[in-house]
Novice: 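What follows is a structure written as structure tokens; I'll ask about it next.
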Amino acid sequence: MPHTLTTVAELEAVYGAPNPRSLLKEIDHLNADYRAFVEASPFIVLSSVGAGGTDASPKGDAPGFVRIVDDRTLAIPDRPGNNRIDNLRNIVEDGRVSVLFIVPGVGETLRVNGAATISVDPALLASFAVRDKLPRSVILVKVQSVYFHCSKALVRSKLWERAQEAAPALPTAGRILQHISGGTFDGDTYDRELPERLKTTLY
């Protein structure tokens, strides 16, 4: 198609050379500054690639829920979910992952790229117990590159400013399922029971 960039040379002609600072910030381990981001983050997005395509999954818990095993290893507990296990399938097939760490109120984010494996070691699972509930598995990420991402995206989006505003009136989960099912799914009951269901299935 016309106006479509299809080669690295074409991309570089549009974007030019990277800013030297954007290369300086990338290292192959978690130093003290980057450890601080991991330890403060209650929310990540884990991305993976496999034979079936790509996936990006949000994960959240108390700040520091992603454990720093050492300066080149992260451990991410996988709590009960919907059992689609898209990311886990990809990790078994390919292993390449990226993790975006987000800290509320902070403009910069942290990006980690690496290779993942999945562990169900009983002692490791037990070490991540919350309310006596174990994660289903633990994703171990061998860090290959780490760097912070500048605040421009969050500044443009005014994400933390908008967090103080009233939430927009979006369709509920039950309503979405009802629409997709052609009306056969009982969305009202799903939404009504959701708060209680979360209490019992969160961990």
Side-chain angles (χ1 to χ4, degrees), residues 8 11 15 18 21-104 106-130 133-154 157 159 201-203:
V8 173
L11 284 170
Y15 284 91
R21 292 191 302 274
S22 69
L23 301 178
L24 173 66
K25 63 187 177 183
E26 182 175 358
I27 57 178
D28 64 358
H29 64 283
L30 295 158
N31 65 5
D33 294 325
Y34 289 165
R35 290 173 71 101
F37 275 84
V38 175
E39 292 166 348
S41 175
F43 185 83
I44 67 171
V45 179
L46 173 66
S47 298
S48 62
V49 60
T54 59
D55 186 72
S57 176
K59 295 184 179 298
D61 213 319
F65 77 98
V66 175
R67 181 179 301 166
I68 300 172
V69 179
D70 55 51
D71 63 3
R72 285 181 167 81
T73 312
L74 295 172
I76 307 171
D78 193 67
R79 304 292 179 187
N82 56 21
N83 289 338
R84 284 184 55 107
I85 59 173
D86 297 304
N87 256 327
L88 300 182
R89 294 178 196 276
N90 284 347
I91 289 170
V92 168
E93 293 174 354
D94 189 298
R96 288 177 294 169
V97 296
S98 295
V99 189
L100 180 69
F101 289 86
I102 299 173
V103 180
V106 176
E108 289 74 22
T109 54
L110 186 73
R111 298 167 66 166
V112 175
N113 299 318
T117 56
I118 303 167
S119 175
V120 290
D121 177 79
L124 183 59
L125 297 181
S127 73
F128 279 100
V130 174
K133 301 290 183 64
L134 306 183
R136 297 288 181 85
S137 65
V138 176
I139 301 166
L140 297 172
V141 179
K142 287 298 181 183
V143 175
Q144 295 170 342
S145 69
V146 190
Y147 54 99
F148 75 88
H149 196 90
C150 76
S151 62
K152 288 179 181 176
L154 273 70
S157 67
L159 182 63
T201 63
L202 197 59
Y203 288 100

Novice: Contact between Val130 and Phe65 at the side-chain level, heavy atoms closer than 4.5 Å - yes or no?
Specialist: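 No, every pair of side-chain atoms sits at 4.5 Å or beyond.
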Novice: Please find the pair of heavy atoms, one from Pro18 and one from Leu23, that lie closest to each other, and give the distance.
Specialist: CG-CD1, 4.0 Å
Novice: Do you know which two heavy atoms are closest between Ser48 and Asn90, and how far apart they sit?
Specialist: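 It is OG-ND2, 3.0 Å.
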Novice: So which heavy atom on Asp94 is nearest to which on Val49, and how close?
Specialist: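 For Asp94 versus Val49, the nearest heavy atoms are CB-O, 3.0 Å.
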Novice: Where is the tightest heavy-atom contact between Gly52 and Glu93, given as atom of each residue plus distance?
Specialist: N-OE1, 4.1 Å
Novice: List the residues meeting salt bridge (charged side-chain N to carboxylate O under 4.0 Å, His left out) with Asp86, not counting sequence neighbours, and say none if there are none.
Specialist: Arg84
Novice: Nearest 0.5 angstrom please: Gln144 CD to Arg96 CZ, how far?
Specialist: 10.0 Å
Novice: Under the criterion side chain to side chain contact (heavy atoms under 4.5 Å, CB included), which of Leu24, Asn113, Val112 is the partner of Tyr147?
Specialist: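 So, applying the side chain to side chain contact (heavy atoms under 4.5 Å, CB included) to Tyr147 and each of Leu24, Asn113, Val112, only Asn113 qualifies.
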Novice: Taking Leu74 as the fixed residue, which of Val69, Leu140, Ile139, Leu30 is the one that meets the side chain to side chain contact (heavy atoms under 4.5 Å, CB included) rule?
Specialist: Leu30
Novice: Would you please name every residue forming a salt bridge (charged side-chain N to carboxylate O under 4.0 Å, His left out) with Arg21, sequence neighbours left out?
Specialist: none
Novice: So do Val103 and Phe101 actually touch side chain to side chain, heavy atoms under 4.5 Å?
Specialist: no
Novice: Is the shortest side-chain heavy-atom distance between Val146 and Glu26 below 4.5 Å?
Specialist: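 With C-beta onward as the side chain, the pair stays apart.
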Novice: Quick one: CD1 on Ile76 to OG on Ser137, what's the gap to the nearest 0.5 Å?
Specialist: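 Interatomic distance, Ile76 CD1 to Ser137 OG, rounded to 0.5 Å: 10.5 Å.
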Novice: Report the residues that fulfil side chain to side chain donor-acceptor pair (under 3.5 Å) with Lys133, sequence neighbours left out, ordered by chain and then residue number.
Specialist: none
Novice: Which atoms form the tightest heavy-atom contact between Leu124 and Ser119, and what is the distance?
Specialist: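 Heavy atoms only, the tightest pair is CD2-OG, 3.7 Å.
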Novice: Side chains of Val99 and Lys59: does their closest heavy-atom pair fall under 4.5 Å?
Specialist: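 Side chain of Val99 against side chain of Lys59, heavy atoms only: no contact under 4.5 Å found.
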Novice: Can you name the residues that form a salt bridge (charged side-chain N to carboxylate O under 4.0 Å, His left out) with Arg79, not counting sequence neighbours?
Specialist: Asp61
Novice: Atom CD1 of Ile85 and atom CD1 of Ile118: how far apart are they, to the nearest 0.5 Å?
Specialist: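 The distance works out to 8.0 Å.
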Novice: What closest approach, in Å, do Lys25 and Cys150 show between heavy atoms, and which atom pair accounts for it?
Specialist: NZ-N, 4.2 Å
Novice: Counting N and O atoms only, with roles assigned by atom type, does the side chain of Glu108 sit under 3.5 Å from a partner on the main chain of Phe148, one being a donor and the other an acceptor?
Specialist: no
Novice: Test: side chain to side chain donor-acceptor pair (under 3.5 Å). Region: residues 30-44. Which pairs qualify, not counting sequence neighbours?
Specialist: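 Pairs touching residues 30-44 that pass the test: none.
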Novice: With distance as the sole test, does Asn87 use its side chain to make a donor-acceptor pair with the main-chain N or O of Leu46 at under 3.5 Å?
Specialist: yes
Novice: Taking the side chain as every heavy atom from C-beta outward, state whether Val138 and Leu125 have any atom pair closer than 4.5 Å.
Specialist: yes
Novice: Going by the rule salt bridge (charged side-chain N to carboxylate O under 4.0 Å, His left out), which residues pair with Asp28 if we only count those two or more places apart in sequence or in a different chain?
Specialist: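 For Asp28 the salt bridge (charged side-chain N to carboxylate O under 4.0 Å, His left out) partners, ignoring immediate neighbours, are Arg72.
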Novice: How many angstroms lie between atom CD1 of Ile44 and atom OG1 of Thr109, to the nearest 0.5 angstrom?
Specialist: 13.0 Å
